[in-house]
Amino acid sequence: MAACTVYSTQSLRTNISIPTSSSKTHVGFNQKQVVFYTKSNNKRLNNTSRYLITCKASDSQTIVIGLAADSGCGKSTFMRRLTSVFGGNPDSNTLISDTTTVICLDDYHSLDRTGRKEKGVTALDPRANDFDLMYEQVKAIKDGISVQKPIYNHVTGLLDPPELIKPPKILVIEGLHPMYDSRVRDLLDFSIYLDISNEVKFAWKIQRDMAERGHSLESIKASIEARKPDFEAYIDPQKQYADAVIEVLPTQLIPDDNEGKILRVRLIQKEGVKYFSPVYLFDEGSTISWIPCGRKLTCSYPGIKFFYGPESYKGNEVSVVEMDGQFDRLDELIYVESHLSNLSSKFYGEVTQQMLKHADFPGSNNGTGLFQTIVGLKIRDLFEQIVASRAETPVGATKA
Ligand SMILES: Nc1ncnc2c1ncn2[C@@H]1O[C@H](COP(=O)(O)OP(=O)(O)OP(=O)(O)O)[C@@H](O)[C@H]1O
Ligand SMILES: O=C(CO)[C@H](O)[C@H](O)COP(=O)(O)O
């Protein structure tokens with residue numbers, strides 16, 4: 001239950017307050033109203049109009065983060081970095097730390113694998129997903145109410161019996177459609193889109209699905225092609241709504257490179273988002289190109305190039321930090337970190353420390369790992385700011 005203070009309306013000015021669990025009553029919540037029960041026999045009390053309930057939202061509201069990307073685009077890797085920033089265990093299967101719970105939106109597939117096949121729709125098609133249930137459950141969790149969430153089983157292609165999800169401090173909803181439905185989108189306190197270009201997606205898919213899942217090159221190509229129209233219609237447009245986009249492109253340092261190993265990664269940060277202040281290089285608002293290679297940073301061919309500047313993105317004002325190339329020595333990242341500002345780190349060198357801690361994660365030697373780590377710190381900062389602001393102002397005042 002949320003920690004709420006119950007005031008008698010007649011005696012507000014005389015400062016008489018009844019705590020949430022007084023000797024005679026305790027307070028319950030359903031989705032619409034506050035309900036009083038007697039303690040002795042848990043009987044509902046109807047005549048509660050004399051009371052005014054004031055709840056501090058910090059105690060009762062979950063912060064919701066949306067992470068959108070196509071399958072195989074690094075969502076799990078990003079979640080492991082985020083969990084680690086919050087002090088959780090990034091190697092746990094459930095990715096649940098004391099603070100964060102991650103829900104994979106595949107669990108809201110309304111059609112199982114056979115159902116999709118019969119109807120001739122992909123999992124990316126909104127018709128294969130239950131947005132009403134997604135909205136109701138995310139809203140309930142945000143309001144502090146536990147839900148029985150369905151589970152989509154990727155091994156069997158069927159829906160398993162549901163599992164209980166209790167409201168955490170931070171809920172991350174990750175998957176194909178966190179920003180597709182406007183009702184769900186409006187519940188998000190912050191949103192991220194991982195935008196992996198087709199060339200790079202292909203290289204990653206081959207690496208994973210051939211090496212780890214035994215798929216053939218032809219089948220991987222066919223699956224990417226089959227998903228393309230729905231990806232473009234339903235997934236890609238969500239990036240216009242994202243507060244931060246991590247865009248992953250082939251390098252520009254090697255002319256006509258098509259290996260997809262060296263990456264140019266752009267962190268696109270929306271301006272004017274509450275509790276989110278974009279990271280910048282050297283001088284906020286300026287436009288800068290920087291090649292840090294030299295005495296303080298070892299760079300083998302083709303080197304490393306940074307860029308920072310303002311841009312317009314999908315009709316929004318954004319600022320972009322870009323890194324092309326990869327680090328030879330990860331400990332030297334501290335040199336780059338010292339030139340970045342507004343990182344929301346707790347101490348000098350925290351970004352480098354996080355990157356070194358997970359040096360074995362994919363992308364740790366390039367901009368994907370660097371920017372995922374920075375966005376993780378930004379989410380922690382956003383969370384701390386929201387909690388602090390709620391602690392200052394009790395935002396809910398309800399007459400029962
Ligand atoms: N930054 C990266 N650099 C290189 N390869 C990467 C990177 N991120 C992910 N990959 C590759 O892509 C694969 C998929 O990554 P990950 O499991 O994090 O993606 P996902 O979006 O969670 O996938 P799915 O939705 O299919 O479970 C990894 O096994 C790895 O091969
Ligand atoms: O795009 C996806 C998100 O992960 C999957 O393809 C979708 O969830 C369907 O899963 P499966 O192929 O295991 O039936």
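Note that ligands are numbered from 1 as they come in the structure, with each ligand's atoms numbered from 1 the same way. Hydrogens, waters and symmetry mates are skipped; everything else that's a heavy atom, side chains included, is used. Computed from a predicted structure; not experimentally measured.
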Give a yes or no answer on whether the side chain of Glu311 reaches the backbone of Ser319 with a donor-acceptor pair at less than 3.5 Å.
no
Do Thr368 and ligand 1 have an N or O pair less than 3.5 Å apart?
yes
Taking only residues two or more places apart in sequence or in another chain, which ones pass side-chain hydrogen bond (donor to acceptor under 3.5 Å, both in side chains) with Asp189?
Lys142
As an exercise, identify every atom of ligand 2 less than 4.0 angstrom from a heavy atom of Tyr152.
10 (O), 11 (P), 14 (O)
Taking the ring centre of each residue, are Trp290 and Phe282 less than 6.0 Å apart?
yes
Backbone or side chain, does any N or O of Asp70 fall under 3.5 Å from an N or O of ligand 2?
no
Give the contacting part of Leu124 toward ligand 2: side chain, backbone, both or neither, where contact means a heavy-atom distance below 4.0 Å.
neither
Around atom 31 (O) of ligand 1, find the nearest protein heavy atom and jot down its residue, atom name and distance.
Gln207 NE2, 3.2 Å
Angle between ring planes, Phe86 versus Phe383, binned at 30° and 60°: parallel, tilted or perpendicular?
perpendicular
Of the protein's non-hydrogen atoms, which lies at the shortest distance from atom 3 (N) of ligand 1, and what is that distance?
Trp204 CZ2, 3.3 Å
Minimum-distance protein heavy atom relative to atom 13 (C) of ligand 1
Arg208 CD, 3.8 Å
From atom 19 (O) of ligand 1, work out which of Ala203, Gly369, Gly74 has a heavy atom at the shortest distance.
Gly74
Nearest-contact summary for atom 13 (O) of ligand 2 - protein heavy atom, Å:
His154 ND1, 2.7 Å
Between Tyr241 and Ser191 the two heavy atoms that sit nearest each other are O-OG, 3.4 Å
Suppose we measure from atom 9 (C) of ligand 2 to each protein heavy atom; which comes out shortest, and what is that distance?
Arg116 NH2, 3.4 Å
For atom 23 (O) of ligand 1, which protein heavy atom lies nearest, and how many Å away is it?
Gly72 N, 2.9 Å
Which residue supplies the protein heavy atom nearest to atom 4 (O) of ligand 2, what is that atom called, and how far is it?
Asp106 OD2, 2.8 Å
Close-contact set for ligand 1 against Thr77 heavy atoms, below 4.0 Å
16 (P), 18 (O)
Distance-only side-chain donor-acceptor flag, Gln137 / Tyr108, under 3.5 Å:
yes
Under 4.0 Å from a heavy atom of Ser71: which atoms of ligand 1 are those, numbered in the order shown and with their elements?
25 (O), 26 (O)
Protein heavy atom at shortest distance from atom 22 (O) of ligand 1:
Ser76 OG, 2.5 Å
Would you check the N or O atoms of Lys75, main chain and side chain alike, for any that come under 3.5 Å of an N or O of ligand 1?
yes
Taking only Lys NZ, Arg NE, NH1 and NH2, and the carboxylate oxygens of Asp or Glu, determine whether Asp324 and Lys305 approach each other closer than 4.0 Å.
no
Any idea how Phe327 and Phe306 line up, ring-wise: parallel (<30°), tilted (30 to 60°), or perpendicular (>60°)?
tilted
Out of Ser364, Ser84, Ser345, which one pairs with Gln354 under the side-chain hydrogen bond (donor to acceptor under 3.5 Å, both in side chains) rule?
Ser84
Within 45 degrees of the ring normal and closer than 6.0 Å to the centroid, is that where the cationic atom of Arg80 sits relative to Phe361?
yes
What protein heavy atom lies closest to atom 6 (O) of ligand 2? Include the residue and the distance to one decimal.
Arg227 NH1, 3.1 Å
Using a strict 4.0 Å threshold on nitrogen-to-oxygen distance, state whether Lys228 and Glu225 make a salt bridge.
yes
Taking 4.0 angstrom as the limit and counting only heavy atoms of Ala123, give me the atoms of ligand 2 inside it, by number and element.
7 (C), 9 (C)
Ion pair present between Asp132 and Arg183, side-chain N to carboxylate O less than 4.0 angstrom?
yes
Numbering as shown, the atoms of ligand 1 that approach Gly363 to under 4.0 Å (heavy-atom distance)
1 (N), 2 (C), 3 (N)
Taking only non-hydrogen atoms of His109 and a 4.0 Å limit, the atoms of ligand 2 in range are 7 (C), 8 (O), 9 (C)
Ion pair Arg380/Glu350, N-O distance below 4.0 Å
yes
For ligand 1, is there an atom lying under 4.0 Å from some heavy atom of Cys73?
yes
